[in-house]
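Here the structure is laid out as structure tokens; the discussion comes afterwards.
We count ligands from 1, going down the list as the structure has it; atoms in each ligand are counted the same way. All residue numbers in this chain count up from 1 along the given sequence.
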Amino acid sequence: MALRRWRPSWAGLLAVILVVPPAAMAGAVPAGAAPATVAADEVALVRVQLPTEAMFHELVAAGADIAGRPRSTNGEVRADIVLTGAELSALTARGARTVQVVQRAGDGTARYRASVRGARSAAAADTLHFLQAYWWTSNGRTFLQTQVATTATDDPDVEITVTWRTAAGVTGSFELFRFEDADEYQYHVALPQELPAQPVQVTAVSSLGGTTRPTRPAAWPGSAPPPQPSGYQRDFIDAYATPLDVQARIRRLGRQYRDLVDVIDLPNRTQGYRRTAAVHVGDPAVAAIVVESVRFGDQNVNGIQVRTVDPGAADRPLSARFRDRVLTVSLATDAAGTTISTTDQVAALINARFPDRFRAFVEDGSTGLPMPLTGPVTLDDGLAGDAPRRPWTVQALRIGVHRDGSRTGVLVYSQEHAREWATPLVTLEFAERMLANARTDPATRQLLERVDLFVIPTVNPDGANYSFADFNFQRKNLVNHCTGTQRDPRLRNSWGVDVNRNYAVGSLFDGYTGASANCLSGTFAGPAEQSEAESRNVVALAEAHRNIKFSMNVHSYGGYFMWSPGAYKVPGRITLPRPSIEEAAYFLSSAKRIVGAIASERGTVTWPSQTGPVADVLYSAAGNSADHLYYELGITAWNFEIGNDLWNPETAEWEGVGFQPPFPEAHAEAMEYAGGLVELMRIAGEFPADRV
Ligand SMILES: [Zn+2]
């Protein structure tokens with residue numbers, strides 16, 4: 001259509017040809033060049049070099065069908081124009097030059113047909129490419145890990161096989177498995193494979209006939225830390241550490257290294273190792289209520305007794321009294337002297353008579369049933385440990401020569417999750433390495449000159465106390481936000497808030513996935529963002545020291561090294577904003593250094609498939625702390641999952657180590673990940689001081 005609009009102006013343009021000075025035409029068509037011709041009545045898309053900028057504007061004004069204005073390196077005026085051969089001749093006569101016939105009118109049909117032919121022949125084949133192909137050695141063994149993406153993303157049956165070859169010509173192959181996340185295809189991957197020697201080439205083929213180009217795997221992580229100098233002091237860990245042990249260690253380091261340490265009391269005291277006391281009155285399998293204290297068990301509540309009694313007379317009302325630490329409920333009777341009170345009536349009476357002392361609720365399945373004669377039974381908080389029953393002050397070590405905010409700050413924190421017992425060992429070993437070597441090792445001294453280090457060894461001491469004394473798989477804190485029958489003491493091991501889902505960025509409350517609104521869930525986000533003292537403490541420390549530019553959130557287990565984004569929304573798998581290309585490159589290059597430092601201790605290599613954004617390599621974790629620090633405070637925020645799988649050469653299987661491995665394994669994890677944190681100090685030490 002544009003072509004037709006242009007034609008009426010054609011005569012006017014022809015008239016102008018006659019007045020173009022010959023000089024403007026000089027060199028318009030280079031000698032030897034034979035531009036493709038366009039027949040006078042043929043329509044084509046032609047890249048034309050115009051003699052003047054004015055001619056371009058003239059064409060625009062005349063309504064020429066200008067498809068584009070390509071740039072040229074030397075500033076020549078060019079335009080891509082849809083025009084006839086006759087129109088092109090007219091422009092050529094005025095000094096224009098044909099650079100390229102991009103496409104002819106007849107090309108459309110021909111190219112459409114060719115595309116259909118191509119699609120038919122390619123329909124059976126997908127396109128494959130390697131996202132990752134890395135090899136490494138660990139304790140004398142060689143491993144290969146690859147990730148391959150297929151364009152047949154929606155076909156769940158595509159099988160991809162990787163074939164490798166060593167320099168000596170030994171070959172082998174293994175299958176990849178399809179990895180989907182939130183219903184979205186990600187890639188095909190396999191666990192690291194043991195090989196007889198370094199692979200020099202890998203190729204992947206799919207069951208649809210697709211194939212990759214042969215690729216040379218890269219060395220992972222491809223970096224190693226400087227050697228520890230002779231006399232370097234290390235290994236300050238000889239046992240698992242309870243919160244009391246951690247507290248004692250913090251005090252000792254504060255005393256021992258006064259010139260290098262401040263002990264910081266974080267502002268939000270936790271609930272403490274405390275729970276309300278509760279008891280079943282009746283038989284939960286038949287008919288029962290739960291009576292719970294309003295105060296914590298240690299507040300003169302543990303040991304209070306509850307009983308229901310028959311008044312022994314006819315036509316008596318339901319009544320209750322509390323005397324000598326015994327709550328006695330006297331059931332109502334009918335004219336025949338039979339007790340007639342129901343579970344609901346008894347619970348309602350206790351709530352009405354003693355609102356400051358007791359709460360009562362009917363067990364699931366017991367509603368409306370006759371209240372049995374029971375007791376006495378004893379209220380108890382169920383806590384078996386000897387940790388102090390009082391609010392806990394969470395502490396941080398601040399370590400450095402210049403603890404005045406003028407140096408790059410690093411925040412390292414561990415044990416947000418109570419059961420991850422090896423994690424405070426990592427941060428304590430790291431802290432003491434920095435301090436013990438500061439006087440004897442110039443490199444360590446220099447790091448403490450340049451870096452202002454903050455370490456919170458245990459973020460969640462209450463949960464940790466519960467994990468050590470009561471229920472070793474406790475993940476959350478000890479604050480019980482449940483209501484009603486979810487407060488049944490039989491659910492005691494499911495209460496608490498997941499501290500690492502309680503932060504304010506990308507949270508459950510913002511619509512992100514990977515946290516729960518159910519108070520009994522292992523990933524309960526809490527009643528609101530930052531509802532918990534534990535998460536507020538981490539943010540408070542970071543906000544109070546804005547020189548903090550790096551952070552490491554230490555978890556276990558599995559062997560991961562991760563950064564943001566750590567959460568996405570479903571459906572659509574919409575992540576928090578991705579870091580810029582530059583930031584992502586910095587995350588990865590720093591990760592390789594730290595992974596290399598970890599590997600230097602006992603050969604533990606964090607897999608390339610487990611190095612990357614949390615949302616990509618692990619799962620979506622709505623409201624996690626690292627996302628809060630990164631997006632809200634601009635901190636380069638990383639996460640460790642210590643405790644890498646171990647290769648069992650007997651079974652040729654990778655084996656998980658768990659949250660509380662036998663101590664020698666926990667000790668080894670502390671040593672290697674402390675080495676990783678020292679490398680983080682080196683990275684922070686290179687951060688430009690003028691950006692602090
Ligand atoms: Zn964790």
Side-chain angles (χ1 to χ4, degrees), residues 240-241 243 246 270 394 411-428 455-468 471-479 493-503 505-508 512-516 521-526 532 534-535 537-539 551-567 598 606 610-615 617-630 637-645 656-661 665-666 669-670 673 676-677:
Y240 278 122
V246 171
T270 66
V394 180
L411 169 60
V412 174
Y413 57 106
S414 47
Q415 207 169 31
E416 283 186 318
H417 291 147
R419 63 194 175 191
E420 297 168 6
W421 291 3
T423 63
L425 307 185
V426 172
T427 48
L428 289 172
V455 181
I456 313 175
T458 179
V459 171
N460 177 10
D462 302 346
N465 279 320
Y466 195 75
S467 177
F468 276 103
F471 175 60
N472 67 320
F473 287 130
Q474 177 74 16
R475 166 182 168 97
K476 303 188 285 180
N477 73 4
L478 275 203
V479 180
N493 290 338
S494 300
W495 295 333
V497 176
D498 184 343
V499 175
N500 203 26
R501 299 294 184 278
N502 189 237
Y503 292 82
V505 173
S507 74
L508 173 75
Y512 286 80
T513 195
S516 174
S521 163
T523 56
F524 177 48
E532 305 306 296
E534 291 86 353
S535 63
N537 278 334
V538 173
V539 171
S551 68
M552 184 66 78
N553 179 17
V554 185
H555 286 254
S556 75
Y557 65 97
Y560 291 82
F561 189 108
M562 301 179 289
W563 52 87
S564 292
I598 294 164
T606 301
Q610 302 199 158
T611 303
V614 176
V617 304
L618 188 55
Y619 45 50
S620 178
N624 72 80
S625 54
D627 278 340
H628 189 124
L629 297 176
Y630 174 64
W638 284 303
N639 306 269
F640 277 156
E641 293 278 355
I642 71 167
N644 302 51
D645 280 11
V657 297
F659 299 110
Q660 297 138 16
E665 166 61 24
E669 292 170 16
Y673 275 87
L677 291 173

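- Checked against the 6.0 Å centroid threshold, Trp421 and Phe468 count as a close aromatic pair.
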Apply side chain to side chain donor-acceptor pair (under 3.5 Å) to Ser467 and Gln474, showing your working. CA-CA 5 Å; Ser467 177; Gln474 177 74 16; over 6 Å; no
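- The side-chain heavy atoms of Asn500 and Asn553, taken from C-beta on, include a pair separated by under 4.5 Å.
- A centroid separation of less than 6.0 Å is found between the aromatic rings of Phe561 and Phe640.
- Around the Zn ion (ligand 1), the protein atoms of type N, O or S found under 2.8 Å away are His417 ND1, Glu420 OE1, Glu420 OE2, His555 ND1, listed by chain and number.
- Asp627 and Ser564 form a side-chain donor-acceptor contact under 3.5 Å, judged by distance and modelled atom types alone.
- Among Asn472, Asn460, Asn477, Asn493, the one residue that satisfies the side chain to side chain donor-acceptor pair (under 3.5 Å) test with Tyr466 is Asn493.
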